[in-house]
Amino acid sequence: MAQTRTTNRGGEARIGSGARVRGRIQGDGNLVVEGHVEGDVTLRGDLTIASGATVRGELVEAHSVSIAGLLEGDLTASGVVRLSSEARVRGTVRGMSVAMDDGARFSGRLECEFELPPELGGASRGETRARAAGRR
Amino acid sequence: MASTVIGTGITIEGEITSDDDVVVAGTVRGKLSAKEGITIEQGAIVEADVVGGSLIVGGSLTGNVTASERVDLQSGARVVGNVKAGRVTIADGAQFKGNVDMEV
């Protein structure tokens, strides 16, 4: 039963668990993916990939990104990237900061800016690239 | 609440298929199909062929529509395309250009 709704002002968007999108998604607002997305995603807002959801795209850009589902592709975040314990990620992850919970599975490249502590030969500012071998 | 919502600031170019309801307040280009209801809200822009159970249009829709149940064009709607459904209502103030097929 569909009825008239005038809700969701402010650019909120959700791809429900029964939904599949094949194509390009762009937007200013936040996006929650509970279903399946195949294609590039470019958001000014935050991206949430819920548990059970899949996102496959060559380019995924958003502000902060939290992942509990499956992501395949190159992710660029201007904010925080958070991989929860159920997350499975394959590809390159670039973010201002990246948090990974115990149990998250990640295979690919992790690029984020941080300072190494001095005992690890740190003191050199700038981009440090860590290569994470994936546990599968 | 497993329905899909395309918010006002969001543009999707491609194909959307859903087993549940879909509400479009943003922009969709391509193809849109849902097993349940589809609502195209006022201000939304859809340039797509739409297939659904029932369809409510308050925004702008360019494309052919097939609904297994019904299609309601609300006041303020602007629809260009052919509509195929068992029941169709066009409210006063809705703009519509195209054919209606009610399978009589």
Side-chain angles (χ1 to χ4, degrees), chain A residues 1-65 68-69 72-73 78, chain B residues 1-45 47-48 50 52-59 67-77 85 89 91:
Chain A
M1 271 287 285
Q3 57 219 1
T4 317
R5 276 192 271 183
T6 44
T7 48
N8 66 84
R9 302 279 147 223
E12 279 293 329
R14 175 173 56 219
I15 310 295
S17 55
R20 181 177 292 273
V21 174
R22 203 174 295 163
R24 193 165 56 197
I25 302 178
Q26 301 173 300
D28 300 328
N30 302 337
L31 175 67
V32 177
V33 180
E34 295 167 349
H36 305 282
V37 173
E38 285 173 43
D40 296 348
V41 179
T42 309
L43 295 176
R44 294 231 183 101
D46 299 340
L47 174 66
T48 304
I49 302 173
S51 178
T54 59
V55 175
R56 289 190 172 92
E58 284 186 11
L59 267 177
V60 178
E61 290 178 1
H63 180 59
S64 67
V65 180
E72 282 182 14
S78 51
Chain B
M1 283 276 288
S3 64
T4 294
V5 180
I6 314 299
T8 44
I10 300 285
T11 301
I12 295 184
E13 290 173 16
E15 195 179 329
I16 303 171
T17 52
S18 175
D19 296 336
D20 305 302
D21 291 353
V22 175
V23 179
V24 181
T27 304
V28 173
R29 291 192 186 92
K31 211 174 161 191
L32 171 60
S33 62
K35 288 190 180 148
E36 306 282 328
I38 297 173
T39 305
I40 297 171
E41 290 195 344
Q42 203 174 358
I45 297 168
E47 295 169 7
V50 178
S54 61
L55 175 71
I56 296 172
V57 184
S68 57
E69 237 172 272
R70 60 183 297 132
V71 172
D72 296 287
L73 308 186
Q74 297 177 330
S75 177
T89 65

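Each chain gets a letter, A, B and so on, in the order its sequence line appears, and its residues count up from 1.
Rounded to the nearest 0.5 Å, atoms CD (B:Glu13) and CD (A:Gln26) are 5.5 Å apart. Taken from CG in B:Asp20 to CD in A:Glu34, the straight-line distance is 10.0 Å, to the nearest 0.5 Å. For the atom pair A:Ile25 CD1 and B:Ile16 CD1, the distance stands at 7.5 Å (nearest 0.5 Å). Rounded to the nearest 0.5 angstrom, B:Ile6 CD1 and A:Leu31 CG are separated by 8.0 Å. Summarising the geometry, atom NE2 belonging to A:His36 is positioned 9.5 Å from atom OG1 belonging to B:Thr17; distances are rounded to the nearest 0.5 Å.
Most heavy-atom pairs under 4.5 Å with chain A: of the set B:Val28, B:Asp72, B:Thr27, B:Asp19, this distinction falls to B:Asp19.
When atom types are taken as modelled, the side chain of B:Thr4 and the backbone of A:Gly16 share a donor-acceptor pair closer than 3.5 angstrom.
Counting all heavy atoms, side chain and backbone alike, B:Gly7 lies closest to A:Ala13 at N-CB, 3.6 Å.
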A:Asp28 vs B:Ile10, side-chain contact (heavy atoms from CB on, under 4.5 Å): CA-CA, chis, key distance, verdict: CA-CA 6 Å; A:Asp28 300 328; B:Ile10 300 285; over 6 Å; no
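Of the listed residues (A:Ile15, A:Val41, A:Val37), just one forms a side chain to side chain contact (heavy atoms under 4.5 Å, CB included) with B:Ile12, and that residue is A:Ile15.
Remark: B:Arg70 CZ is packed, more than 12 non-hydrogen atoms of other residues, nucleotides or ligands lying under 6.0 Å away.
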